[in-house]
Amino acid sequence: MPTKALLFAAEIGHSARRGATWGVQAENVGFNFPQVMARKDAMVKDFADYRQEQLASGKFKFIRANARFRDAHTLALSTGETLTAKNFVISTGSIVSAPPLPFLKDLNYITSDEALALTSLPKSLIILGGGSVAVEFAQFFARLDVKVTLIQRSAQVMNDFDTDAAVELEKVFRREGVNVFTGTKITSASRQSGRKQISFQHGPESVTVEAEEVLFALGRSPNTASLDLDKAGVKTENGRVVTNDEMRTSAAHIFAAGDCTATHDIVHIAVLQGEAAAHNITQPQKSRRMDYRLMTVIAFTDPQIARAGLTEKAARAQKIPYLSAKHLFADHGKSLIMEAREGFVKLLANPATGEIIGGGCAGPLGGELIHEIIAAMHKRMTVAELAAMPHYHPTLAEIWTYPAEELAEKIRG
Ligand SMILES: Cc1cc2nc3c(=O)[nH]c(=O)nc-3n(C[C@H](O)[C@H](O)[C@H](O)COP(=O)(O)OP(=O)(O)OC[C@H]3O[C@@H](n4cnc5c(N)ncnc54)[C@H](O)[C@@H]3O)c2cc1C
């Protein structure tokens with residue numbers, strides 16, 4: 001919610017600056033950073049207050065304390081109390097990972113937590129990483145006129161997406177002035193009179209970049225170190241709580257859900273895992289298992305990039321046969337109205353049955369559009385069924401009918 005609120009503010013400003021495209025006169029558009037942050041804080045507070053009310057509603061007992069296991073059925077709380085229970089669900093989330101290179105420690109970098117609490121903007125910023133957190137902050141700061149350099153180790157940003165989606169994002173980033181380096185290997189880092197420097201290998205070149213601040217976005221790790229899980233007989237692997245697909249840990253009465261299991265680090269997955277754990281505790285005779293067939297990932301950049309089910313990369317890696325078809329937003333009515341010509345939608349289908357097995361979108365409101373594919377996949381629809389489904393014109397959503405028709409024809413033919 002906080003990062004998305006900031007990105008929305010950045011997008012409003014960006015659209016205003018492009019107002020002339022639609023004949024809108026908006027001169028000297030700028031950002032009032034304290035107001036941008038204050039609006040985000042107010043929105044988060046409203047949201048959190050509501051959640052807190054729900055917790056305090058009396059439906060269950062809410063204790064505010066840090067817990068650690070004393071034995072398999074007992075928790076020691078930071079309040080000094082002791083708590084015993086028949087069952088437990090561990091959901092202690094994640095923390096920012098330790099820097100993979102020891103010399104980064106001396107940089108005194110900021111993480112997403114500090115970035116969300118800044119009171120003034122740095123003039124320049126180096127972002128380490130190329131996942132969702134990195135790309136979302138990169139675009140936010142760049143659109144607020146911070147000179148942003150993004151350094152990613154892998155060959156593309158958003159490494160678990162197909163390359164075509166990452167290419168769209170990198171293209172827009174470069175056009176908006178973000179200095180994007182992919183396929184890098186960081187070699188050293190230093191801090192001198194308020195400036196921070198990072199040196200890295202980029203292909204055959206040795207590059208050094210410098211900025212006022214560095215944002216560390218190289219990943220998060222399960223927050224389990226202080227839980228004394230061994231005392232409860234709960235097995236971990238590199239800090240993550242190991243569970244089966246019922247979200248049961250190695251101690252049969254203890255379950256885990258969310259980032260502490262390091263499965264996906266996504267809110268709705270944490271919620272689904274928590275619900276599965278609760279279900280399996282209360283109704284063990286009707287076991288509920290996690291199924292990641294509809295796995296969805298979204299980066300709320302502009303263009304938004306989103307995927308559901310299989311990517312082409314994953315299908316190839318798992319040797320799953322597929323047919324794919326794409327349609328470009330540059331060739332679509334509603335996106336032309338919006339002057340949002342970047343990107344595409346893509347469908348993957350089972351070549352024998354036509355069942356939709358994956359969808360990808362890099363484009364306007366991609367995070368919303370992907371939900372049509374989640375719904376279709378949830379109901380195991382075929383491309384022919386999706387193509388036959390009525391779509392209003394002109395909408396962004398009707399773009400799915402083009403790759404669906406193309407694949408339906410191929411599979412029929
Ligand atoms: C910058 C950023 C942007 C993100 N954007 C998105 C997004 O757009 N969409 C999305 O799906 N996901 C996003 N995520 C990931 C998402 O926030 C996490 O996947 C989600 O919060 C995980 O939920 P959780 O319940 O496992 O952990 P958390 O939400 O981290 O909750 C863990 C809770 O456990 C408490 N706790 C920890 N240790 C103890 C202890 N010993 N005793 C008692 N309590 C304890 C903590 O205080 C905390 O309240 C983002 C993450 C970051 C950092």
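Indexing begins at 1, ligand by ligand and atom by atom, following the structure's order.
Note on ring orientation: taking the six-membered ring where Trp is involved, the planes of His202 and Phe181 are perpendicular (angle over 60°, cut-offs 30° and 60°). Using bins of under 30°, 30° to 60° and over 60° for the plane-to-plane angle, the ring pair Phe69/Phe88 lands in the perpendicular bin.
In this structure, atom 12 (N) of ligand 1 is in close contact with the protein, since a protein heavy atom lies within 4.0 Å of it. There is no protein heavy atom less than 4.0 angstrom from atom 48 (C) of ligand 1. Distance check on atom 35 (C) of ligand 1: every protein heavy atom falls at or beyond the 4.0 Å cut-off. Of the protein's heavy atoms, none falls inside 4.0 Å of atom 51 (C) of ligand 1. Note that atom 42 (N) of ligand 1 has protein non-hydrogen atoms nearby, at separations under 4.0 angstrom. Atom 22 (C) of ligand 1 is approached by the protein to below 4.0 angstrom, counting heavy atoms only.
When only interatomic distances are considered, the shortest N/O to N/O separation between Ala270 and ligand 1 does not fall below 3.5 Å. Considering both main-chain and side-chain atoms, Asp259 comes within under 3.5 Å of ligand 1 through a nitrogen or oxygen pair. Considering backbone and side-chain atoms together, Ala67 places an N or O closer than 3.5 Å to an N or O of ligand 1. The distance criterion of under 3.5 Å between nitrogen or oxygen atoms is met by Lys4 with respect to ligand 1. Ligand 1 has no N or O atom lying under 3.5 Å from any N or O atom of Cys260, backbone or side chain. For the pair Arg220 and ligand 1, the shortest N or O to N or O distance does not fall below 3.5 Å.
Close approach to Ser91 involves these atoms of ligand 1, each under 4.0 Å from a residue heavy atom: 32 (C), 33 (C), 34 (O). When each atom of ligand 1 is checked for a heavy atom of Asn223 under 4.0 Å away, the hits are 37 (C), 38 (N). Near Thr92, the atoms of ligand 1 lying under 4.0 angstrom from a non-hydrogen atom of the residue are 32 (C), 34 (O), 37 (C), 38 (N), 39 (C), 40 (C), 45 (C). Heavy-atom proximity to Leu227, at under 4.0 Å, picks out these atoms of ligand 1: 41 (N). For ligand 1, the atoms closer than 4.0 angstrom to any heavy atom of Gly258 are 26 (O).
Only one option out of Val157, Thr301, Asn179 pairs with Phe173 in a side chain to side chain contact (heavy atoms under 4.5 Å, CB included); it is Thr301.
Contact annotation for Leu116 and ligand 1: no heavy atom of the residue comes within less than 4.0 Å of the ligand.
Among Pro2, Ser78, Gly93, the residue whose heavy atom sits closest to atom 27 (O) of ligand 1 is Gly93.
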